[in-house]
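Working notes for the structure below.
Keep in mind that this is a model prediction, so the values were computed, not measured. Each ligand, and each atom within it, is numbered from 1 in the order the structure gives.
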Amino acid sequence: MSLRAVKGMKDILPDEISKWHRLESAFRSRAERYGFREARFPIVEPTALFVRSIGENTDIVEKEMYTFTDRGDKSLTLRPEGTASAVRAYIQHNVQAQEPVTKWYYIGPMYRRERPAKGRYRQFYQAGIEVFGDPGPYVDAEIIDMVVGFISSLGISEVEVLVNSLGGTATRAKYTEALLAYLEPFRSELCSDCQRRMDANPLRVLDCKVPRCAAIAADAPSILGHLDDEDRAHFDGLQESLTRLGTPYRVEGSLVRGLDYYSRTLFEVLGKGEQLGAQNALLGGGRYDQMVGSLGGPDTPAIGFAMGLERLLMAMPSEPEATHVDVFIVAAQPSVRAEAALLGRQLRDAGLRVESDLRGGSLKSQLRRADKMSARIAMILGEAEVDDGVVQLKDLQKKTQDEIPRTEAAARAKTILG
Ligand code: ATP
Ligand code: MG
């Protein structure tokens with residue numbers, strides 16, 4: 001067949017979907033327990049939104065965005081992440097005038113034209129949260145604790161939580177000078193991207209995956225040595241709170257992450273299971289206190305994180321696939337097919353998941369399909385049963401069969417299903 005899905009984009013077929021549902025509903029209920037409410041944003045945004053928020057000299061904006069011109073000559077981009085849209089919506093709907101602190105969560109597909117690999121796709125799903133209006137550090141600790149608890153509730157036991165502080169604007173400026181002084185003698189040894197980054201955004205050199213750059217970055221001065229008193233108090237508060245909540249974490253002074261907009265708190269959760277391979281970052285997040293203001297909104301502190309759902313699914317222990325059929329209805333003769341359809345409707349109205357083979361077929365072939373679908377119960381209806389107002393109820397697990405009044409069919413099925 002010549003038509004195939006776009007490289008790096010996957011179909012998720014029904015056999016896989018129950019894992020997705022489980023993950024998404026676990027995330028929703030966890031987020032709602034913490035006071036977050038769902039928001040949904042367009043998948044397509046003006047290109048300028050991402051250029052201005054994520055930053056011009058980032059991998060995402062330089063080489064990963066799906067950008068196109070629409071028929072009205074507007075430059076649009078498939079969203080590569082969710083925070084920019086959340087900030088745009090927060091400003092556009094004047095949300096800060098309605099409540100001092102805003103807590104949103106979202107779930108949806110993101111698009112980045114990266115080299116596809118295990119755990120790395122061009123369309124992938126993220127679930128994330130954003131908090132506007134709270135400068136932290138206690139809310140920073142609370143969302144880290146929340147997400148660590150969430151991941152462990154999925155049965156993913158081995159994770160590592162990394163935290164760092166990037167300081168505020170003044171700290172970043174001082175640190176950038178120190179970093180440049182350190183990097184300058186190595187300039188010619190750095191990859192060409194990093195040589196450019198030195199001029200555009202030196203912090204990003206610390207995030208480079210080229211081995212020689214990473215080795216040089218390993219010995220760079222740490223930003224933690226440059227925090228001013230307020231930054232330091234913020235970072236201490238975060239750690240005190242994490243410790244009090246019992247969330248294990250490790251301070252990683254070289255953590256910078258790929259987006260330009262972060263300040264102060266930065267964190268990442270890494271999975272340690274082998275299933276993940278090289279793509280072991282389950283989620284990343286941080287504080288972006290300047291972004292709302294820089295996109296034209298009122299100065300508003302903010303923090304958030306985003307998790308990759310495919311990577312969480314890879315790290316989750318597998319569970320046996322549950323059946324999606326409670327009752328399979330069998331029409332013993334062609335003459336009762338209409339009556340069998342009515343019985344099906346009645347059981348569905350009672351809340352049961354009902355299947356049947358509307359094409360008809362022999363009794364045996366219908367029962368084979370019931371087995372194949374792992375239905376727990378088969379209800380057989382023949383001419384005699386219709387006349388007597390009964391059905392034959394087969395418990396396909398216990399291998400028993402009973403004749404029961406049709407009026408009791410739904411109740412009996414529910415008792416068996418528990
Ligand atoms: P990485 O270092 O793996 O490229 P990132 O720093 O680009 O990650 P973020 O932009 O912080 O990732 O996105 C948050 C999370 O989204 C990541 O931790 C990861 O779980 C997931 N993610 C990011 N890019 C992809 C992708 N191309 N395919 C699948 N999941 C992804
Ligand atoms: Mg990336």
Report the member of [options] with the shortest heavy-atom distance to [atom].
| atom | options | value |
| --- | --- | --- |
| atom 3 (O) of ligand 1 | R311, K209, R115 | R311 |
| atom 5 (P) of ligand 1 | Q123, R112, E268, M314 | R112 |
| atom 20 (O) of ligand 1 | G119, G271, A281 | A281 |
| atom 23 (C) of ligand 1 | Y121, F124, Y125 | F124 |
| atom 27 (N) of ligand 1 | R122, E114, Q279, R113 | E114 |
| atom 14 (C) of ligand 1 | A306, G8, G286, P116 | A306 |

Give yes or no for whether the N/O distance cutoff of 3.5 Å, strictly under, is met between M307 and ligand 1.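 Looking only at distances, the answer is no, because the N/O contact criterion of under 3.5 Å is not met.
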
Ion pair check, [X] and [Y], cut-off under 4.0 Å:
| X | Y | result |
| --- | --- | --- |
| R368 | D357 | no |
| D349 | R345 | yes |
| D289 | R264 | no |
| R187 | E184 | yes |

Does the ring center of F267 lie less than 6.0 Å from the ring center of Y249?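 Judged by ring-centre distance (under 6.0 Å), F267 and Y249 do not meet the cut-off.
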
Determine, using ring centers only, whether Y288 and Y262 are less than 6.0 Å apart.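 Distance test on ring centres: not under 6.0 Å, no.
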
Which ligand 1 atoms, with their elements, are less than 4.0 angstrom from a heavy-atom of G308?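 Listed by number with element: 15 (C), 16 (O), 20 (O), 21 (C).
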
For L283, the ligand 1 atoms whose distance to one of its heavy atoms is below 4.0 Å: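 By the 4.0 Å cutoff, the relevant atoms are 18 (O).
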
With a heavy-atom distance limit of 4.0 Å, tell me whether L282 approaches ligand 1 through its side chain, its backbone, both, or neither.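 For L282, the contact with ligand 1 is made by the backbone alone.
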
Please confirm whether K118 comes under 4.0 Å of ligand 1, counting heavy atoms of the residue only.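 For ligand 1, residue contact (heavy atoms, under 4.0 Å) with K118 is absent.
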
Measure the distances from the heavy atoms of E81 to every atom of ligand 1 and state whether one is below 4.0 angstrom.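 E81: no contact with ligand 1 (<4.0 Å).
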
For a side chain to side chain contact (heavy atoms under 4.5 Å, CB included) with L283, tell me which candidate from L270, V159, V161, V147 qualifies.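 So, applying the side chain to side chain contact (heavy atoms under 4.5 Å, CB included) to L283 and each of L270, V159, V161, V147, only V147 qualifies.
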
Can V205 and M198 be said to form a side chain to side chain contact (heavy atoms under 4.5 Å, CB included), step by step? CA-CA 7 Å; V205 175; M198 276 184 68; 4.2 Å; yes

